[in-house]
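Labels below follow one simple rule: chain letters A, B, ... track the order of the sequence lines, proteins then strands, and each chain is numbered from 1.
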2 protein chains.
Amino acid sequence: MANNIRDIAKLAGVSVTTVSKVINNLPNVSPSTRARVQQVIQDQQFIPSHTARGLVKGKSKTIGMFLTTSLAHPFFSKVVVGLESALKKTGYDLLYLTLDWNPEYSLVRHCLSRNVEGVLIFGFQENDLNFEEIIQSEIPTVFIDLDMMGRRAGYVTSENVESIKNAVYYLHELKHRKIAFVNGHLDSYVGKQRFEGYRRGIQELGLPYFAEYISIGDFTKESGYAAMKGFMQLEEPPTAVVCSSDMIAIGVIEAAGEAGLSIPQDLSVIGFDDIELAKHTIPALTTVHQDFDTIGNQSILLLNDLINTPHSPPPALIIPTKFVIRKSCAECTR
Amino acid sequence: MANNIRDIAKLAGVSVTTVSKVINNLPNVSPSTRARVQQVIQDQQFIPSHTARGLVKGKSKTIGMFLTTSLAHPFFSKVVVGLESALKKTGYDLLYLTLDWNPEYSLVRHCLSRNVEGVLIFGFQENDLNFEEIIQSEIPTVFIDLDMMGRRAGYVTSENVESIKNAVYYLHELKHRKIAFVNGHLDSYVGKQRFEGYRRGIQELGLPYFAEYISIGDFTKESGYAAMKGFMQLEEPPTAVVCSSDMIAIGVIEAAGEAGLSIPQDLSVIGFDDIELAKHTIPALTTVHQDFDTIGNQSILLLNDLINTPHSPPPALIIPTKFVIRKSCAECTR
DNA sequence: CTGAAAGCGCTTACAG
DNA sequence: CTGAAAGCGCTTACAG
């Protein structure tokens with residue numbers, strides 16, 4: 001049984017150098033020799049060791065991925081589809097790196113010991129981990145939904161600011177003037193961005209900025225529910241609500257429904273994400289569609305550039321969203 | 001800058017053997033020597049190469065995972081949470097292996113070249129891939145939701161048969177006698193199992209077996225919708241429908257709603273999976289809850305046994321489900 | 001307790 | 001076009 005390049009060399013009656021050349025499709029091997037070696041490789045079902053190759057070349061053809069466990073979030077699997085296609089294209093495999101939360105643990109150590117060529121970071125917020133360390137290490141890194149930059153680190157995210165701003169504009173065109181906003185955590189990058197979008201929309205349209213119309217939750221249905229309950233206490237409740245996630249919107253709709261308001265006649269609601277559920281709410285949710293597939297795909301492609309193109313600039317890629325109009329908004333009649 | 005064990009040895013004034021012993025916490029090093037070496041390691045921020053270690057030991061501390069891209073399915077992320085905790089416990093990292101669909105491609109080659117110690121296969125059906133090859137290779141393998149077995153291969157899945165049977169029993173207790181079943185693909189393992197559950201339930205309860213009450217779809221909402229439309233054409237439409245997924249149930253409910261039936265008064269519906277959405281349907285869906293976390297967790301643990309316990313028998317682990325009673329079933333009044 | 005040496009399975013100048 | 005040899009960074013008998 002031939003287990004290594006030396007066995008193959010012996011069987012083919014050549015040197016290991018030659019076998020290596022054949023395996024790697026390098027020139028300077030006569031056609032007949034090449035054919036003979038290939039035959040032996042085939043016969044023996046020889047599989048070169050990726051590990052040994054990695055050791056001598058100092059490359060692993062592996063990208064490390066750090067993920068929050070709280071990634072039980074609904075987008076993850078969609079992003080993975082995008083990752084997969086780009087991985088295939090670039091020839092990398094993805095190593096799902098499990099985080100260890102003991103004090104001596106270090107992202108960088110893990111990466112270095114595993115010899116990953118680049119790192120993908122997804123689902124984390126600014127202060128979750130010691131990202132400075134990894135940026136300093138200059139291991140090529142791409143963050144998803146977190147605007148970290150470094151000499152060899154960049155990010156990809158959806159168009160958050162404009163998307164929310166557009167939602168506000170859309171409601172304004174429908175004659176809404178009392179437009180509330182239910183956001184997620186402000187310590188998350190997307191939370192900050194979307195808030196900025198709301199702020200700009202209100203400002204550019206010359207609408208008054210009411211602190212009472214802004215609620216900060218945590219992207220969940222529950223936080224949307226609570227926010228809407230709050231709005232309904234106001235003397236002048238909003239006639240429309242922009243939400244920072246579809247789940248928030250669903251909570252808003254539920255609270256509104258309990259109070260006897262019908263959507264969209266009495267209240268217009270806009271979500272964010274376009275999750276599966278958004279099509280199935282009653283009424284179907286008007287929302288901002290995120291292109292998760294492209295996010296995944298581009299993350300790997302950019303990482304590949306960072307790794308393999310010597311002076312490639314750190315990326316900061318904003319993926320366009322799509323505004324999906326369904327049934328949860330109507331013209332304001334009051 | 002110290003990059004390898006030899007540099008450390010030099011700096012500490014010892015042999016590489018000794019450094020290796022210190023790194024691996026092996027005995028036969030004097031305390032003072034050990035301390036000195038550790039100090040140097042610390043000072044130099046030395047990180048041993050996982051790759052080199054893997055090469056000589058023939059082990060990679062890596063588990064390979066094959067996943068369908070169609071894994072954009074909603075459970076995946078929940079299973080990952082379970083995987084993660086077990087990975088941490090066992091010290092393995094997960095290599096997400098991207099499949100290459102060209103004819104020469106082989107799962108086993110990929111695994112062998114990457115030197116993974118075990119393989120997790122998730123989201124595939126019997127004939128999707130050449131699983132025989134991987135079973136023959138005797139690389140330790142655990143399948144999720146696919147009952148493949150081999151000398152070193154086993155599986156973990158939810159209790160599918162009993163769960164559906166119980167659902168049928170539950171409806172029977174609610175005095176339903178015309179109980180339909182909307183299944184997913186029969187070429188999927190879980191499809192077959194759940195069908196068997198339905199069959200047994202009907203049989204044991206002495207209910208007549210009507211082919212018209214059985215619809216085979218593809219786990220989607222659309223297939224549920226179509227199935228229910230069909231049922232309503234029958235002379236004696238069912239009074240209750242057991243579904244092989246929550247999405248199917250949602251489609252059934254939608255079709256029923258369009259025909260003016262109210263749930264649960266006119267029709268009882270039971271789902272499967274207990275996805276997020278199940279709580280939010282109107283009425284909230286009675287369903288079979290799958291314990292995805294445990295599925296993920298046990299998969300790794302069993303794989304770990306398979307890898308590290310010499311004669312560990314191939315596992316066939318059935319994870320219990322929980323029947324979650326919500327609002328979509330009522331006593332049959334007709 | 002310590003270290004010299006062989007070896008894991010490859011790649012890569014280099015000489016012929 | 002071909003091959004001997006050094007080396008990637010470790011571990012592990014083995015001898016002292």
Problem set entry | 5'-most by nearest nucleotide on DNA chain C - B:L55 or B:R36 | B:R36
For this session: May I ask you to evaluate whether B:T17 reaches the phosphate of D:dT11, defined as a side-chain N or O under 4.0 Å from OP1 or OP2?
Result: no
Exercise. Phosphate oxygens OP1/OP2 of D:dG9: is one of them under 4.0 Å from a side-chain N or O of B:S49?
Worked result: no
Exercise. Side-chain donor-acceptor pair under 3.5 Å between A:T157 and A:D145, yes or no?
Worked result: yes
Seminar exercise, completed: With the side chain defined as heavy atoms from C-beta on, B:I5 is closest, among D:dC10, D:dG9, D:dT2, to D:dC10
Exercise. Where each residue is assigned the nucleotide of DNA chain D containing its nearest heavy atom, which of A:V16 and A:P27 is assigned the position nearer the 5′ end?
Worked result: A:P27
For this session: For B:I47 and D:dG9, give me the distance from atom CD1 to atom P, rounded to whole Å.
Result: 13 Å
For this session: Go ahead and name the base partner of D:dA13; Watson-Crick or wobble counts if both distances stay under 3.5 Å, otherwise write none.
Result: none
Exercise. When we call it a touch if two heavy atoms are under 4.0 Å apart, what does A:S20 touch: a base, just sugar-phosphate, or nothing?
Worked result: base
Exercise. Are B:K21 and D:dT12 close enough that a side-chain N or O sits under 4.0 Å from OP1 or OP2?
Worked result: no
Problem set entry | Any donor-acceptor N or O pair under 3.5 Å, side chains B:T62, B:D93 | no
Seminar exercise, completed: Nearest heavy-atom contact between A:P320 and A:D291 is O-CB, 4.2 Å
For this session: Check whether any side-chain nitrogen or oxygen of B:S15 sits under 4.0 Å from OP1 or OP2 of C:dT2, and answer yes or no.
Result: no
Problem set entry | Spacing of A:I144 atom CD1 and A:I121 atom CD1 [to the nearest 0.5 Å] | 10.0 Å
Exercise. Which whole-number value in Å describes the distance from A:N28 CG to C:dT12 C1'?
Worked result: 13 Å
For this session: Starting at atom CG of A:N3, determine the distance to atom C1' of C:dG7, rounded to an integer number of angstrom.
Result: 15 Å
Problem set entry | Nucleotide C:dG9, atom C1' - distance to CZ of B:R53 in whole Å | 18 Å
Problem set entry | Nearest-Å distance for atom pair CG/P, residues B:N25 and D:dT11 | 12 Å
Exercise. In whole Å, what is the span from the CG atom of B:L112 to the C1' atom of C:dC10?
Worked result: 16 Å
For this session: Mind running ring pair (Phe, Tyr, Trp, His ring centres under 6.0 Å) on B:F143 and B:Y189 for me, showing each step along the way?
Result: CA-CA 11 Å; B:F143 294 87; B:Y189 168 74; over 10 Å; no
Exercise. D:dT11 C1' sits how many Å from B:K59 NZ, rounded?
Worked result: 13 Å
Exercise. What nucleotide among D:dG9, C:dC10, C:dT11 has an atom nearest to a side-chain atom of B:A52?
Worked result: D:dG9
For this session: Rounded to the nearest 0.5 Å, what's the gap from CG on B:L94 to CD1 on B:I300? Could you check?
Result: 5.0 Å
For this session: Examine C:dC1: is either OP1 or OP2 under 4.0 Å from a nitrogen or oxygen in the side chain of B:S30? Give yes or no.
Result: no
Seminar exercise, completed: Checking N1-N3 plus N6-O4 or O6-N4 for Watson-Crick, or N1-O2 and O6-N3 for wobble, each under 3.5 Å, the partner of D:dA4 is none
Exercise. When the distance from NZ of B:K57 to P of C:dG9 is rounded to whole Å, what number comes out?
Worked result: 15 Å
Exercise. Under 4.0 angstrom, heavy atoms only, what part of the nucleic acid is B:T33 near: base, sugar-phosphate, or nothing?
Worked result: sugar-phosphate
For this session: Name the closest nucleotide to the A:T18 side chain, picking from C:dT2, D:dC8, D:dT2.
Result: D:dT2
Problem set entry | Presence of B:N24 side-chain N/O under 4.0 Å of D:dT11 phosphate oxygens OP1/OP2 | yes
